[in-house]
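Shown next, in structure tokens, is the structure this report addresses.
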Amino acid sequence: MSFCRDSAWKYLQSAHHEGDRNYSHYTSHDFYSQFGLEDVICTDDIPGTDEDTDSAVLFGTLRGNVVGLRYYTGVVNNNEMVALQREPNNLYDKNAVKVNNVSGNQVGHIKKELAAPLAYIMDNKLAIVEGVVPYGAKNAFTMPVQMSFWGKEENKQAVLDKLKVHGFKLAPLSKSNWVSGRAGPSYSAPGHAAVQMTTEQLKSEFDKLFEDLKEDDKTHEMEEAEAVGTPLLPHQKQALAWMVSRENSKELPLFWEEKNNFYYNTLTNFAEKERPENALGGILADDMGLGKTLATIALILTNFHDGKPLPVENIKRDQLYKVRGVFFVFVFCTASVQSVKKNYSEERPRTTLIICPLSVLSNWIDQFEQHIRPDVHLNIYIYYGPDRSKDPAFLSKQDVVLTTYNILASDYGVSLLHRLKWLRVVLDEGHTIRNPNAQQTKAALNLEAQRRWILTGTPIQNSLKDLWSLLSFLKLKPFTDREWWHRTIQRPVMLGEQGGLRRLQSLIKNITLRRTKTSKIKGKPVLELPERKVFIQHVTLTEEERKIYRSVKNEGKAAISRYFNEGTVLAHYADVLGVLLRLRQLCCHPHLCTNTSSSSDSTPEELREKLVNKMKLVLSSGSDEECAICLDSLNLPVITHCAHVFCKPCICEVIQSEQPNAKCPLCRNELRVEHLVEYPLEESESSIEKGDREWISSSKINALMHALIDLRKQNPAVKCLIVSQFTTFLSLIETPLKESGFVFTRLNGSMTQKKRVQAIQSFQDSHTGSPTIMLLSLKAGGVGLNLTAASRVFLMDPAWNPAAEDQCFDRCHRLGQKQDVVITKFIVKNSVEENMLKIQNKKRELAAGAFASKKLTASEVKQTKINEIKTLIDL
DNA sequence: ACCGCCGGGTGCC
DNA sequence: ACCGCCGGGTGCC
């Protein structure tokens, strides 16, 4: 195996965080070209954006006509679904509405009299209009179309009125005819009512969606290719067998049937002459720690070319005798090496592209090194860093190209990655593309590949909607188009129709393999993990600490109640977070709370600095702030003049689309691109740490040290993680650790890759004299971080988001952990920390009811934030 | 389109 | 006849 990684590797070693690149010197134009956004930002609106579709009710139906059939090539079947699409630039009628079949070919137009009110309704997003051709599909000039109007209740009257003005009237149709996502029977057999489910039933069904997927056909095992250096566990052999069979499948995709030399899609009634290609790939959704990476490496090597494995080269004859014991194997191998090499060409791509978050890039490299036999030759290139290759021919000669989502997204439009045809694309932590509007999602969806895989431990995080981009990436016909996904699956399921859920279930079953840590194989658990126990240890502040806490709290509470009275809480969101942050810091240590000057702003420079400080507050407070636009973690955070933080691509898109009077999505203040302030490059944190104040202890530190010394008495070899969101706090803890003679190491988000690797290796080392303690910042490192040497965790301060804590605990409670894991959470009594626990519990409940708690709208997000603030400050 | 609509040709019975 | 009626030309938006 050879790694072509010199320059990129060096860069990787010193790069610490993908968000650290500073774009502030770019103009907005540069910014857009950087991301290839010019093409993307002005894309036509897809009918049915999230808010429209989720709360949509059926207003009624209307029979209309499709005209101009003879001018277009698109054909339909009776009972086939059609899409209605506005065509505002039509030369003859600005109200034109096109009618397209399922594969997007135009069938005709809606007759102009009807197009007039439709255009108004569609342009103003008063309703989503969907069509089915009930009969007359073979007509030469016109055909009927049954339209259904879906929208928000509050828009119903406007729709009815508009239609009435033009002389149309909606026919209300009994719901059962319409809930069904299937085009056909909705009309031909209106008698049978769809079986409705309660929200409760639906929720539990949905929760089970990814469980119990162990079908008989997925228990088949397959031996890995010789080139795989690590013997696979039984469940990994199952994964390999399943993945290979998915890639080599010649079957028709789900929901397609062959009838009279045509291929019918049973959901939409669409038919085509050409055989629809099956998605050669799927979703490997095994729990973390079951070896998705290893399974994928085994897949690459085992299904290397034409269903054959990567041949083992340079292998000595006597070794071969040992391995196989038969001479002809050798002959077969060398022969196939040559044929394999010869068969590569433009049309037959050889390269697997793997895209992962930066944090697990090094994990992939390690795993390739670990799991490929050293005598096997595999070209692996790490496409990362400023000196990455710009040569498509070079990339296409690799067997594996590794890159990150950020590289993928930032190269979108100019990139090599989107010009090449890949043999296979693998998205690691594939849920990162669950937001269809995110750049990385769009970039991923535009890759060309024969085989497509998504690796993820969390296939559905919030709702059904998250699934769409995954399915779209897999190129599953006809779901690639959001309208068909929505009409055939998403809405029927949301409306509680059993047929819809059944379709969803068989779809998921068809393309997903998921085993959990507790799954069993032949009666034995897949993995046996030791227990994990969480204890909460209450800490009481000293009278002195309490005095400071109380005064800061009273001051902050007064300010916040003033904001509430003025109704400006969200406008002062950064200030509110600031108050809460100071309180949380005071729970840990009085020295954490440094005064931030709050002079009234005057010069632009001062304003800028003030904004940067506010943003730092929001970001460094570890509040796990989400961008209110994409509702995802912040990517390239920027702060507005009204002090709200968003992803730069997200807010730029808003500004672009609302030109010229863009408003802040949170407070409706005026927004300008040139007013956005970027997050500056992180200065080394030591500047704050070297506050040169004399070291003092705190109640929490005392509690920690007491526990550590106790523990050492019982067992001097036991290793601990000490976790905090405040790196300054970790620094303060260093002092008593040294005094008490503990050997410790430390892992921060801001450390270089090289230093991190060193820290992790020394901590994982089991020799006496190796560090027994690691100081860990809560969010350092991604899911790949393996700290199984630790069996005790001390969480010094609670996080807003319990998932962040759990993720942190999983870094030691994972495959390889031999002991029970004991976690201690220090919580200060009668403080903001106790209130944070309340919020954590609420969030846990919400997460448990993943499906019932559909994704929040912007205003719901606001309300949630307001409620949280009230809880936190005791209002 | 085996329609509808348009507009030119036409005009007592 | 500033009409009716006839029959040819014509046809999405």
Charged N-O contact under 4.0 Å between A/E448 and A/R424:
no

Could you state the atom-to-atom distance from CD of A/E113 to P of B/dG4 in whole Å?
15 Å

If you go through the side-chain atoms of A/N90, does one of them form a donor-acceptor pair with the base of C/dC13 closer than 3.5 Å?
yes

Can you tell me how far P in C/dG8 sits from the matching atom in C/dC3, rounded to whole Å?
25 Å

From C/dC13, C/dG11, B/dA1, nucleotide with atom closest to A/Y71 side chain:
C/dG11

Would A/K663 and A/E670 pass as an ion pair if we require N to O under 4.0 Å?
no

Short side-chain N/O contact to C/dC13 OP1/OP2 from A/K112, under 4.0 Å
yes

For the pair A/R452 and A/E277, evaluate salt bridge (charged side-chain N to carboxylate O under 4.0 Å, His left out) and give the outcome as yes or no after the intermediate values.
CA-CA 13 Å; A/R452 299 158 169 274; A/E277 258 182 61; over 6 Å; no

Quick one: label A/L69 by what it contacts on the DNA or RNA (base, sugar-phosphate, nothing), any heavy atom closer than 4.0 Å.
nothing

Using whole Å, what does the distance between atom P of nucleotide B/dC3 and atom CG of A/N139 come to?
15 Å

Base-pairing assignment for C/dC13 (Watson-Crick or G-U wobble, both under 3.5 Å):
none

Is A/Y263 close to A/E257 at the side-chain level, that is, under 4.5 Å between some pair of heavy atoms?
no

From CZ of A/F141 over to P of B/dC3, roughly how many Å is that when rounded to an integer?
13 Å

When rounded to the nearest Å, what value does the distance between C1' atoms of C/dC13 and B/dC2 take?
26 Å

In whole angstrom, what separates A/Y72's OH from C/dC12's P?
9 Å

What is the separation between atom CG on A/N95 and atom P on C/dC13, rounded to the nearest whole Å?
11 Å

Once you round it to whole Å, what is the distance between P of C/dC13 and CG of A/N100?
16 Å

Length of the line joining A/R70:CZ and B/dC3:C1', which is rounded to integer Å:
13 Å

Looking for any heavy atom pair under 4.0 Å, which part of the strands does A/K111 touch: base, sugar-phosphate only, or nothing?
sugar-phosphate

P atoms of C/dC5 and C/dG9, separation to the nearest Å:
23 Å

Testing the 3.5 Å rule here: is there a donor-acceptor pair between the side chains of A/N100 and A/Q106?
no

Over how many whole Å does the gap from A/L84 atom CG to C/dC13 atom C1' extend?
14 Å

